[in-house]
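Indexing begins at 1, ligand by ligand and atom by atom, following the structure's order. Quantities reported herein were computed from a predicted structural model and do not represent experimental measurements.
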Amino acid sequence: MMRERLVVVGNGMAATRLVEELVRRDAPFDITVVGDEAGPAYNRILLSAVLEGSHPLRELRLRDEDWYAGHGVRVLTRRRAVRVDRDRGVVELEPGDEIPWDRLVLATGSVPALPPIRGLVTPGEGLHPKVHAFRSLADCQRLLGAVPDARRAVVVGGGLLGLQVARGLGVQGLEVDLVEAAPHLLASQVGEAAGRVLRRSVEALDCEVHPEVRAVRLTDEGLRLDNGYLLGADLVVLAAGGRPATSLARECGLFVRRGVVVDDALTSVTDARIHAIGDCAEFRGRTTGFVSPAWEQAAVLAARLTGEDTAYRGSRTVARLRAAGLDVAVLGDPERTRGEVVEMANPVRGSYRKLVVRDGVVEAAVLMGDLSRVGLLTQLYDRRTVLGPDEPARLLLGERPAGESSAGLPDDAEVCACAGVTAGRIRACADLADAAATTRATTGCGGCRPAVEALLARGRAVTG
Ligand SMILES: Cc1cc2nc3c(=O)[nH]c(=O)nc-3n(C[C@H](O)[C@H](O)[C@H](O)COP(=O)(O)OP(=O)(O)OC[C@H]3O[C@@H](n4cnc5c(N)ncnc54)[C@H](O)[C@@H]3O)c2cc1C
């Protein structure tokens, strides 16, 4: 019997997880993945660690060619899908071929925003040579190539990505200025008090922060701000947000708002043969922009495509900033969630903690500086544990208590936010490689690695 032809457009983190899940389920499809980047799929969220020098570039790849070949999955690299023809059931590629599909999955991610700065783009030549985006491996390699000849860099955008890039360039020895249009750093995630503590920590790492200003013009002298300042810059990195990559979907007539609108089966509400997952998808009015929802969506779609009666219900957001000397975790949406606020700031130590509690339940949280309690807090948040009146404050008070380590976390406490892995599942693993292969913990942002190592070490001490 002819197998259905499943084509995945985009070869990023959502697409790779979808293919892994389909292979694991022995799904009866002929699978083709089309990606426009030069090489195989890689762990995009570790690009900033590569820039910082804390992760080797050669260890970014997610799956090797033999793995795909061994499972009969065809992967086309350096091929851009330029048009979807729904009537004929084909996707057209550059330059000129077309691939037929019975089912199509859009996993095209997002495109970086180009802020309105005069001089960024040289007519007919694209981006000014000093200007860099930071979304792909090619961007990262180009930026790393420019670092040795640069002394000063300006990063435009003080969100998670901008902070990671600024820190990476700082660690590489550059003088870095960070320009942010909002009144404080990480304005999409945290409030002003947290932003102030973060700014102090960032400036203590020799990166000057310019909040509430816009860069307006790039000239040979540098980057001009709307307050009149001129920042000298050998490099300008754009990290001012992005938007879901939806042009294919829009042009073929699918319903698109900010992202490709999907239902709880991750299926386009316009065409039941087309699905969307990851940064390009919009579910219940929300797009995401993080790897953990992309992976959850990939797993649910694989289950649906292999006949399981399951539904996507939305993902909670856990945003993690990981950069040398800067640690931030944000659970939920602390600025827009209703509830009583328990807050503790210690700018001197660079720590800030906030819980938003309603009827005793943690509805949102911010941890900055010391993240030793992130596992415990995530557990309380996920399980909607009802806390006693003194507990929220106790959770926030005190710097890292002696003897409190991840090794003692209860089995059902979540350790890896990217892949949703609990302490119990880690304890059942033989070693780090086993944990990565069987649970996927440590294979996302890598922030859980110390906790995973502590759990495994405790396991060895108990059994040894
Ligand atoms: C530097 C950086 C750091 C990040 N850090 C974190 C983090 O710490 N934690 C976190 O949760 N998230 C982080 N993110 C976000 C995270 O990487 C994304 O949420 C995740 O990659 C989404 O997966 P995706 O498959 O939807 O998109 P992507 O991984 O972006 O993959 C989409 C792919 O589709 C390709 N594509 C697009 N259009 C076409 C087309 N027409 N034809 C062919 N191919 C196409 C793109 O080139 C890309 O390769 C970070 C992102 C960046 C850039």
(message) Using heavy atoms and a 4.0 Å limit, tell me yes or no: is A245 in contact with ligand 1?
(response) no
(request) Check whether any heavy atom of A107 sits under 4.0 Å from an atom of ligand 1. (result) yes
(message) I need the full list of ring pair (Phe, Tyr, Trp, His ring centres under 6.0 Å) pairs touching residues 23-64, with sequence neighbours left out, sorted by first then second residue.
(response) none
Region of [X] engaging ligand 1 - heavy atom pairs below 4.0 Å:
| X | answer |
| --- | --- |
| L160 | neither |
| M13 | both |
| V9 | side chain |

(message) Using a strict threshold of under 4.0 Å (side-chain N to carboxylate O), is an ion pair present between E37 and R44?
(response) yes
(message) Below the 3.5 angstrom mark, is there an N/O of A81, backbone or side chain, next to an N/O of ligand 1?
(response) yes
(message) Test of understanding: with side chain to side chain donor-acceptor pair (under 3.5 Å), list the residues that count as partners of E203, not counting sequence neighbours.
(response) R199
(message) Checking H128 against T122: is there a side-chain donor and acceptor pair closer than 3.5 Å?
(response) no
(request) Assess the side chains of R258 and T287: does a donor N or O sit below 3.5 Å from an acceptor N or O? (result) yes
(message) If you take the nearest heavy atom of each of R44, R79, R135, E94, which one is closest to atom 28 (P) of ligand 1?
(response) R44
